[in-house]
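Here is how names work: the chains are called A, B, and so on, in the same order as the sequence lines, proteins then strands, and each is numbered from 1.
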Amino acid sequence: MRANLMFRDRGFDIDAPKAPGRDDMIIDLQIQRILDAMSNGNKTINDVCDAALFQPLQSIDEISYRHETLDDARRNPDVVTKLFEIADEATERHSVKFRKMPSAHVSVMYHNTIEYLRGCIDSLQSLRKLAHRERKKFSSEGFTNLLSLLESELDDDYLKPLDRKLQSLFSGDDAIISADLGEILEGVSFTSRKPVFHGITDNWMTAPMYTINDNSTTLHIEKKEFELRSDLAMDRMTTALRQSAEFVGSFFNMLRNETGFFAGVLNLENKLKKIGMPLARPTLLPVESTRHDWSGLYDVSLALIRNAKVVGSELDTENKKLFVITGANQGGKSTYLRGMGQAYLMAQCGMYVGAESYTSPLRRNLFTHFKREADIRLKSGKLDEELERLSKIGEHLTPGCLVFLNESFSSTNEREGSEIIRQITQAMIENNIEVFSVTHMYIYATAFKDDASTMFLRAQRRDGGERTFKIQPGEPLVTAFGEDIYRQVFLGEAAMKRDADGIVVN
Amino acid sequence: MFYSILFPSRELYDVPKRVAEPESFHDLFLDQVFAPIIKTKPYLDLGDLYFHKPRQIEVSEFRQRVALELDGDAELVTRLAAFSDEVLDCAIKMEDIQKLLTSEHKNEEKWKGGYLTRGELLNAAEKYVGVVESLAAYVEPKSFESLGLSEFREYLLTFSASTGFREFADRVRRIREGLTEVRYNMRIRNTTLRVRKFEGEIDRGTEILDLFRKFEQGGEKQYQITVSQGNLEPHVENEVLEMVARIYRDLFLDLDNFCAEYLHFVDETLRRFSREVQFYVLWNDFLAPMREAGLKFCYPTLVNGNEQIYVKAGFDVALGMRLRNAGIVTNDFELNAPERIIVVTGPNQGGKTTFATSFGQANYIASLGLAIPGESAQLREFDEIYSHFGKPEDDDMQNGQLRDDIVRLHHIMTNATSNSIIIVNEIYASTTLADALPLAIKMMDAIAELGCPAVVVTYLDELATHGAETVSMVFTVDENEPERRTFKIERGAPHGIAFAMQIAGRHNLTYEQFSRRLQAK
């Protein structure tokens, strides 16, 4: 029994390998804030959305299927939430019940498992009732299939006799135990069985028997030995019951994973709506395309943390492979990358994105290589660390990937850093990898000045230096503080006044 | 007549064996290599197989041929390993069983010689029969080139076809077949346990499981309904078996007679073979993951005297075992008379010591008759490897360290012969240059005079040009093999390369390297 809400033709595996750049993206793109807003503190939703965001869909069909299911969820938020809650509660019960069990005695485990299974039957009944009541309100393929399945598979003809059998196991009865001879003739496969009723004469009365001598000093031990055989039979039966619990438990787990993503998306959209930030249904182009056309693209995590409106950016380009972004610190360059990265992840998992409008090509994968402020190692070690991170990214890069570099190789001097990153960038764009590179290294930035497939962007300022946090087309500007310092030191001159872009003000 | 798979004759087998680790093992990381191998079978005490280095090229070559033949036949190795484990296991178990079945037991301990012990004998016997028969059937159509394996095959076939063994095998099978049919029911009430035949009663657990099966998603934890059971107290279990025996009287009588007849069934030669063959099997297991990762091993030609020695694409096997192929640098060396001493100089970046350990390991492992790291090699027979590896610098211990170095060197120079191998790594590293240089030159003089092959790793460039017997080797960046992460060591002087791009190159991130990586996708 499966609910194919996330994919038309298969289940959603939250343990499937995530995008190889995921751990870096969580930090660099501040994804955890978005996950927090989606999950509202529910760990399942967090994990499910984490998995969905980092298993980027590669086909426009799959994305449309998810859009259709999501539209249905937007129309029926209460039913979707309820489905998730029933499944979540049953799954939680499974983990609470079985977490502390390993040490418990077999009969405790046996009775606990039966109790759990009977509880599951209640949850299954609730699902059936909900499906019966609400099915007609849904129109998407995913939800319609799921709700019909619940209605037909979980009817009373199935659930009632099952519950009765469990009840009789719980109270226990006159079981007998079968055994086979093992490798050294020891009893094996102790199995609890229903005795066959033989009529008035009980054949057991004439069977060979072994009786423990009541006066024996080993009475206690021997009685234990008898119990051990019963316990082993019960253990075997408990195994069958645990396996049953595993099956029904994984059904609930599947259901909560399939519904959790939609519950999470609804939570996030509610929050952004409250702040007044727009959401756009993305238009995704084939991976070969180089067209980017968006407006009002913003950093969702920034909007969430500020709980206020934030500035968006525009881009309208085609036929570019490298985007070099320069400009003053604190000018919104990292925010710009974050907004784009979040939009990429959200769009390719079937969500709406934080923008007024958004058209972009599919990308195979996104990788981020950001300067790590927290890293306080020796300079040489830091260069090694940066190279190592980039080399790891290189292992996964294929044509059609997208790479964000943010102040990469600023851990060494500009001459060295520029040369290293220039060679790396050149290799990537020649191999059809799209690169957005934020840098303050002028040598590096201007190395691509004559390249037709490079677009230069710059963090903008108004006259007088006020930041707008907008990123717009603009060539890199040279900043020459060294000359100033030379003059200050050697000639005793006063420092010239410059704005943060390095332009002499007076 | 076959006697041993490690020595070509009984006479060579009977020489006293070295049972303690050779002293150079630690420096050469051979302790890291062999200790875990020996520890995989602690009860067999396999140390002497690897610590004892045969002095005769004849013995090494006898082993090389066996090992080479095993290398070409992975299935044969698997089968010999299984055979060996099973035979040795049987032999050990049978020692206990023999004691139990032949001793007198007090009434309350009569179960010790009871049906469970007989069951153990039956179990050991059927495993033994199984492995002997299956190995014989497997080697029968084969023909072996190595003397060792072909004589063993002959022995095994004769043994397994003998009337005595055939009768034994048939008995074991008949008895087990009968016992497998047995299934009984027990009814336990308070202090009474009754036993009856099984009559097809329904399994209550399976009945429930079938009803829940429709929720299966795939990938659930699968609970194994295992056959093995908890610790049944043997004396109660013996009572149960006595009752089962009353229901199945003839089956159990057969078993009693069988046990009386076959108390000693393990063949001594097969037992010796089983222990010795581990020498090849465990080395094979040890090399397997490295071979799989693409690392190459070879059997060197062994020579006496001053012929050329060389190894192509050698590496440190202790490092290979940890890194597999990731970051393993292979190195070549060759020494043509009058060359005898390799002096390795260069920056302290890791790789120099590895060169020295690889050299020592190759010589030692080659003498055992096993495959060494490399693509091809020729090596000399030797009497002993003497090594001295300087300890990392320790400011408080400068003088102590210097003294240790000198003492150790004295020990080496008094014991080594022209037939030894000397490996010196970073000696005098903790003392001043003014101290170190004259001392080191004296050492070079002594080694040169002794006339044995040697490797000297040092930061003192002057040693590299000591004389006609010295070969200078240094780090170099091999631009043609950018996938190598660290430096290679070759004859010649180091190149100057800009530090940053050199580091980028180590990560395979220069334009050429990175382009090639991306194009490979």
Side-chain angles (χ1 to χ4, degrees), chain A residues 1 162 165 176-189 191-196 204 207-212 222-223 225-226 228-230 232 236-237 239-244 246-248 250-251 254 383-384 387-388 390-391 394 397-398 412 416 420 423-424 426-427 430-431, chain B residues 115-116 119-120 123 179-180 182-188 191-196 198-199 201-206 208-209 211-217 220-221 223 225 227-230 232-233 236-237 239-241 243 246-247 500-501 503-504 507-511 514-515 517-519 521:
Chain A
M1 282 179 72
L162 180 56
K165 278 197 200 317
I176 56 171
I177 298 164
S178 77
D180 301 345
L181 296 180
E183 286 190 328
I184 64 162
L185 312 185
E186 80 285 14
V188 294
S189 307
T191 307
S192 172
R193 296 184 183 269
K194 253 185 215 157
V196 175
W204 281 99
M209 75 172 182
Y210 171 61
T211 302
I212 307 168
E222 292 186 273
K223 264 196 132 166
E225 276 297 304
F226 281 10
L228 179 58
R229 282 159 180 76
S230 307
L232 288 170
R236 190 180 165 93
M237 185 152 56
T239 305
L241 294 171
R242 281 295 289 277
Q243 187 70 65
S244 306
E246 212 56 44
F247 286 157
V248 70
S250 80
F251 166 76
M254 174 280 298
L383 177 60
D384 255 333
L387 284 160
E388 198 179 311
L390 219 142
S391 187
L397 280 179
T398 57
T412 182
E416 287 179 350
I420 293 176
Q423 295 198 11
I424 289 169
Q426 186 69 36
E430 280 177 14
N431 286 285
Chain B
Y115 282 122
L116 284 173
E120 279 187 46
N123 187 33
L179 292 170
T180 307
V182 173
R183 174 174 282 176
Y184 58 93
N185 279 330
M186 285 177 286
R187 195 174 74 166
I188 298 168
T191 54
T192 303
L193 187 156
R194 286 180 187 268
V195 171
R196 276 176 52 78
F198 171 72
E199 292 181 323
E201 292 86 347
I202 291 174
D203 173 350
R204 299 192 306 167
T206 313
I208 290 290
L209 179 57
L211 283 167
F212 273 103
R213 211 173 272 286
K214 70 175 177 186
F215 294 106
E216 181 172 6
Q217 300 291 310
E220 281 90 353
K221 177 174 179 185
Y223 286 91
I225 300 191
V227 175
S228 79
Q229 301 291 6
L232 297 172
E233 195 72 55
V236 175
E237 189 59 9
E239 294 290 350
V240 174
L241 280 173
M243 291 190 279
R246 278 162 66 190
I247 303 176
M501 284 321 295
I503 294 180
H507 292 273
N508 285 319
L509 288 172
T510 65
Y511 169 72
F514 203 42
S515 297
R517 286 172 68 181
L518 295 176
Q519 279 154 17
K521 300 291 170 62

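For a residue to count as touching a neighbouring chain, one of its non-hydrogen atoms must lie under 4.5 Å from one of that chain's; by this rule A/Asn431 touches chain B with the side chain only. Within the 4.5 angstrom heavy-atom criterion, only side-chain atoms of B/Phe198, from C-beta onward, approach chain A. When heavy atoms are compared at a cutoff of 4.5 Å, B/Val182 approaches chain A by way of both its backbone and its side chain. Only the side chain of B/Glu239 comes within contact range of chain A, judged by heavy atoms closer than 4.5 Å. With a 4.5 angstrom heavy-atom cutoff, B/Leu241 touches chain A only via side-chain atoms. Proximity to chain B (any heavy atom under 4.5 Å) is restricted, for A/Leu241, to the side chain, taken from C-beta onward. Proximity to chain B (any heavy atom under 4.5 Å) is shown, for A/Ser250, by both the backbone and the side chain. Looking at B/Leu116, both its backbone and its side chain come within 4.5 Å of chain A, counting heavy atoms on both sides. Proximity to chain B involves both the backbone and the side chain of A/Gln426, based on heavy atoms less than 4.5 angstrom apart.
Here B/Glu220 pairs with nothing under the salt bridge (Lys or Arg N to Asp or Glu O under 4.0 Å) rule; sequence neighbours left out. Residues passing the salt bridge (Lys or Arg N to Asp or Glu O under 4.0 Å) test with B/Arg246: none are found, sequence neighbours excluded.
Nearest approach of B/Leu209 to A/Phe247, heavy atoms of both residues: CD1-CE1, 3.8 Å. For the pair B/Phe215 and A/Phe251, the tightest heavy-atom approach, listed with the atom from each and the gap, is CD2-CG, 3.5 Å. Residues A/Arg193 and B/Glu201 approach most closely at NH1-O, 2.7 Å, considering heavy atoms. Contact record, B/Ile188 with A/Phe226: CD1-O, 3.5 Å, taken as the closest heavy-atom pair. Considering every non-hydrogen atom in both A/Ala240 and B/Thr206, the closest pair reads CB-N, 4.3 Å.
Expressed to the nearest 0.5 Å, how far CG of A/Leu181 lies from OG1 of B/Thr180 amounts to 8.0 Å. To the nearest 0.5 Å, the span separating CG on B/Leu211 from CG on A/Leu162 amounts to 5.5 Å. Note: A/Thr211 OG1 to B/Arg194 CZ = 7.5 Å, rounded to the nearest 0.5 Å. The structure places OG1 of A/Thr191 at 9.5 Å from CG of B/Asn185, a figure rounded to the nearest 0.5 Å. Atom OG of A/Ser178 sits about 7.5 Å away from atom CG of B/Asp203, to the nearest 0.5 Å. Annotation: the span from B/Tyr223 atom OH to A/Thr239 atom OG1 amounts to 8.5 Å, rounded to 0.5 Å.
Chain B forms more heavy-atom pairs under 4.5 Å with one residue of A/Lys223, A/Glu225, A/Glu186, A/Met237 than with any other, namely A/Glu225. Most heavy-atom pairs under 4.5 Å with chain A, from the set B/Met243, B/Arg213, B/Lys214: that is B/Lys214.
Side chain of B/Glu237 to main chain of A/Gly187: a donor-acceptor pair is present (N/O by atom type, distance under 3.5 Å, no hydrogens or angles). Although no hydrogens or angles enter the test, the distance criterion places a donor-acceptor pair under 3.5 Å between the side chain of B/Arg517 and the main chain of A/Ser391. Judged by distance alone, with hydrogens and angles left aside, the side-chain atoms of B/Gln217 form a donor-acceptor pair with the main-chain N or O of A/Met1 at under 3.5 Å. Remark: the backbone N or O of B/Lys221 is paired with a side-chain donor or acceptor of A/Gln243 at under 3.5 angstrom.
Counting heavy atoms from C-beta outward, A/Lys165 and B/Ile208 have side chains that approach closer than 4.5 Å. At least one side-chain heavy atom of B/Leu179 sits under 4.5 Å from a side-chain heavy atom of A/Leu185. Side-chain contact between B/Val236 and A/Arg229 is present, with heavy atoms from C-beta onward closer than 4.5 Å.
In this model, no donor atom of one side chain and acceptor atom of the other lie less than 3.5 Å apart for A/Ser189 and B/Arg183.
Atom CD of A/Glu430 has more than 12 heavy atoms from other residues, nucleotides or ligands within 6.0 Å.
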